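Down below is the structure, laid out as structure tokens.
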Amino acid sequence: MSSNSVPLDAPAPVPSPPADRWAADFFSRMLGQTLAADEFEAMVAQRWASGRFIESAPQTAAWLRERALQQSIDAGYAKDAPDLDFRSQWLVGRPGLPGAIHIQAPAEQVQEGSLSSRNRAPHLHDSGRISLITRGRATLYVARQVDGRPRMLVCPVQEGDLIYWPAWTAHTFDAGHGFWLVSAMARYVSPAADGFVLPIDHHDHGDPDVLPRMSYAEHLTSCRDPALAPAT
């Protein structure tokens with residue numbers, strides 16, 4: 001073990017502002033299987049409804065990254081596409097309870113092009129999601145109603161960013177040159193199961209490649225609550 005490694009039984013990091021204040025406790029409870037699915041969903045719903053669904057929790061990101069790498073339990077993510085060279089580590093998961101895996105996403109095979117040409121095309125999940133970027137940078141594309149109209153929000157994210165979106169929300173990441181993340185779900189589904197990733201019905205959700213796009217910064221500016229406007 002290297003001198004800067006964190007033992008598997010190490011406590012959560014001492015929280016510091018902003019989202020690290022609660023994220024360390026939230027994920028500690030998830031790892032201890034004392035966090036309820038309804039509580040997870042409520043957290044996602046509150047953040048999504050507020051409009052500001054990206055926060056920052058860098059200490060929690062570093063802690064979970066080290067824990068995942070030291071446990072080194074293959075989570076089985078993207079085994080349907082071995083040529084893409086995804087790697088993943090299981091963190092916690094039990095049917096009916098929140099669970100999480102750590103994903104090492106490779107660089108996009110096609111650096112430019114449609115969302116459907118990303119390593120992982122836009123898709124859905126049947127429970128709320130919280131993602132925590134643990135290394136690198138990426139761009140999240142996530143569908144959202146803005147002023148009653150569907151938009152595809154374009155959200156640059158980086159190490160330490162904590163992201164929330166509800167079930168049945170079309171989304172994907174453009175991995176760029178590769179990035180790592182914790183993918184946490186309100187109700188654990190094995191990545192190897194058929195229900196982990198669900199296809200998009202364009203009739204119900206629209207085509208992610210043709211939805212009008214809006215930057216996350218523009219979205220915050222459009223929110224009625226002045227506190228959500230991005231800092232200048």
Side-chain angles (χ1 to χ4, degrees), residues 6 8 12-13 15 18-48 50 52-78 86-105 120 123-136 138 140 142 155 157-173 175 179-193 195-198:
V6 181
L8 290 181
D20 274 313
R21 289 181 182 275
W22 70 267
D25 176 68
F26 186 85
F27 280 99
S28 290
R29 292 176 57 211
M30 187 186 303
L31 293 173
Q33 298 187 344
T34 61
L35 182 71
D38 287 349
E39 185 176 353
F40 187 113
E41 293 282 21
M43 177 63 68
V44 171
Q46 189 276 328
R47 293 299 198 276
W48 186 256
S50 78
R52 186 180 289 278
F53 57 87
I54 302 177
E55 300 177 319
S56 181
Q59 289 191 17
T60 307
W63 166 56
L64 290 175
R65 180 184 66 230
E66 290 299 313
R67 184 182 181 101
L69 295 178
Q70 289 175 47
Q71 286 188 166
S72 193
I73 302 171
D74 185 5
Y77 181 79
F86 277 90
R87 299 181 182 182
S88 60
Q89 298 82 36
W90 181 88
L91 280 165
V92 64
R94 183 174 142 194
L97 291 176
I101 63 173
H102 184 254
I103 301 170
Q104 295 170 273
R120 278 313 201 197
H123 55 275
L124 309 170
H125 299 296
D126 64 359
S127 71
R129 285 301 198 268
I130 297 177
S131 284
L132 178 57
I133 310 302
T134 63
R135 178 168 292 177
L140 169 68
V142 61
C155 312
V157 291
Q158 62 185 352
E159 184 172 326
D161 281 351
L162 187 61
I163 314 158
Y164 316 78
W165 67 88
W168 308 111
T169 300
H171 67 281
T172 192
F173 284 96
F179 77 114
W180 298 4
L181 74 159
V182 169
S183 178
M185 61 210 84
R187 292 171 179 81
Y188 179 75
V189 176
S190 168
F196 184 79
V197 172
L198 301 170

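Treat the numbers as computed from the prediction; the structure is a model and nothing was measured. The first residue of the sequence shown is numbered 1, and numbering continues consecutively from there.
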Completion exercise
The side chain to side chain donor-acceptor pair (under 3.5 Å) partners of Arg29 (sequence neighbours excluded) come to Glu39
Practice task
Determine the interplanar angle of the Phe173 and Phe179 rings, folded into 0 to 90°, and report it as parallel if under 30°, tilted if 30 to 60°, perpendicular if over 60°.
Solution key: tilted
Handout entry: Test ring pair (Phe, Tyr, Trp, His ring centres under 6.0 Å) applied to Phe40 - qualifying residues, sequence neighbours left out
Key = Phe26
Practice task
Search all heavy atoms of Val157 against all heavy atoms of Leu140 and return the closest pair with its distance.
Solution key: CG2-N, 4.5 Å
Handout entry: Those residues that, when tested against Arg65, pass salt bridge (charged side-chain N to carboxylate O under 4.0 Å, His left out) (two or more places apart)
Key = Glu159
Problem - Counterpart residues, side chain to side chain donor-acceptor pair (under 3.5 Å), relative to Ser127 (two or more places apart) - result: Arg129
Practice task
Go through the structure and list residues passing side chain to side chain donor-acceptor pair (under 3.5 Å) with Ser131, not counting sequence neighbours.
Solution key: none
Problem - Trp180: partners by side chain to side chain donor-acceptor pair (under 3.5 Å), with sequence neighbours left out - result: none
Completion exercise
Residues Leu64 and Leu91: closest non-hydrogen pair is O-CD2, 4.3 Å
Practice task
Return the orientation label for the Tyr77 and Phe196 ring planes: parallel under 30°, perpendicular over 60°, tilted otherwise.
Solution key: perpendicular
Completion exercise
Smallest heavy-atom separation, Ser50 atom then Arg47 atom, equals OG-O, 2.7 Å
Practice task
For this output row, return yes or no: ring centroids of Tyr164 and Trp48 closer than 6.0 angstrom.
Solution key: no
Handout entry: N/O donor-acceptor pair under 3.5 Å between Thr60 side chain and Asp20 backbone
Key = no
Practice task
Would you check, one step at a time, whether the test side-chain contact (heavy atoms from CB on, under 4.5 Å) holds for Tyr188 with Leu97?
Solution key: CA-CA 6 Å; Tyr188 179 75; Leu97 291 176; over 6 Å; no
Exercise for the section: Please confirm whether the backbone N or O of Trp22 pairs with a side-chain atom of Asp25, one donor and one acceptor, at under 3.5 Å? Expected result: no
Handout entry: Validation row: His125, Val189 side chains within 4.5 angstrom (heavy atoms)
Key = no
Practice task
Examine the side chains of Gln89 and Gln70 and answer whether a donor and an acceptor come within less than 3.5 Å of each other.
Solution key: no
Exercise for the section: Indicate yes or no for a side-chain donor-acceptor contact from His171 to the backbone of His123 under 3.5 Å, with no hydrogens or angles considered. Expected result: yes
Practice task
Output, in order, the C-alpha distance, side-chain angles, deciding distance and verdict of side-chain contact (heavy atoms from CB on, under 4.5 Å) for Trp165 and Val44.
Solution key: CA-CA 6 Å; Trp165 67 88; Val44 171; 5.6 Å; no
